[in-house]
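To start, the structure itself, in structure tokens.
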Amino acid sequence: MAGGRRAPAAPEPPSPDHKISLFRPIVYDGSSLVLYALRQEIGTDAFRRLERAWVTRHRDGNATTADFVALAGRTAGRDLTGFFRGWLYGEKTPPMPGHPDWRSNPARSTGSAPERG
């Protein structure tokens with residue numbers, strides 16, 4: 001992931017001066033980006049079915065990342081392991097499905113203000 005951070009499913013451990021690791025940016029920003037990419041990959045209807053199936057099956061219980069990957073594949077009707085391998089465990093942010101122009105690092109500023117019309 002950008003900025004030297006590792007992938008959402010394999011984040012770096014918190015620094016010794018941070019007692020709580022739950023609220024680090026990778027947990028929220030990286031993980032929500034993965035879910036957005038999944039929605040782009042499988043479509044909104046399949047993603048909504050996945051959300052409903054996930055909370056129904058795992059209400060008041062525990063589940064693993066592998067459980068989510070398997071359910072996503074069944075819901076989408078195709079193997080998504082390659083997609084999840086890149087998005088959850090890859091060293092860099094993969095291209096966003098449906099948005100080939102998106103970049104994981106913002107473009108560098110030229111130092112001049114944009115023109116206004």
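In what follows, every heavy atom counts, from backbone to side chain, and hydrogens, waters and symmetry copies are set aside.
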Reported [atom1]-to-[atom2] distance for the pair [X] and [Y], which is rounded to 0.5 angstrom:
X    : Y   : atom1 : atom2 : result
L80  : E41 : CG    : CD    : 6.5 Å
W102 : T93 : CH2   : OG1   : 12.0 Å
R74  : L50 : CZ    : CG    : 10.0 Å
W87  : L38 : CH2   : CG    : 10.5 Å
Y89  : F84 : OH    : CZ    : 10.0 Å

* **Residue pairs, two or more places apart or on separate chains, that pass side chain to side chain donor-acceptor pair (under 3.5 Å) and touch residues 47-57** => none

* Asked: Do P97 and F83 have side chains that get closer than 4.5 Å, going by heavy atoms?
  -> yes

* pair D101-M96: side-chain heavy atoms closer than 4.5 Å -> no

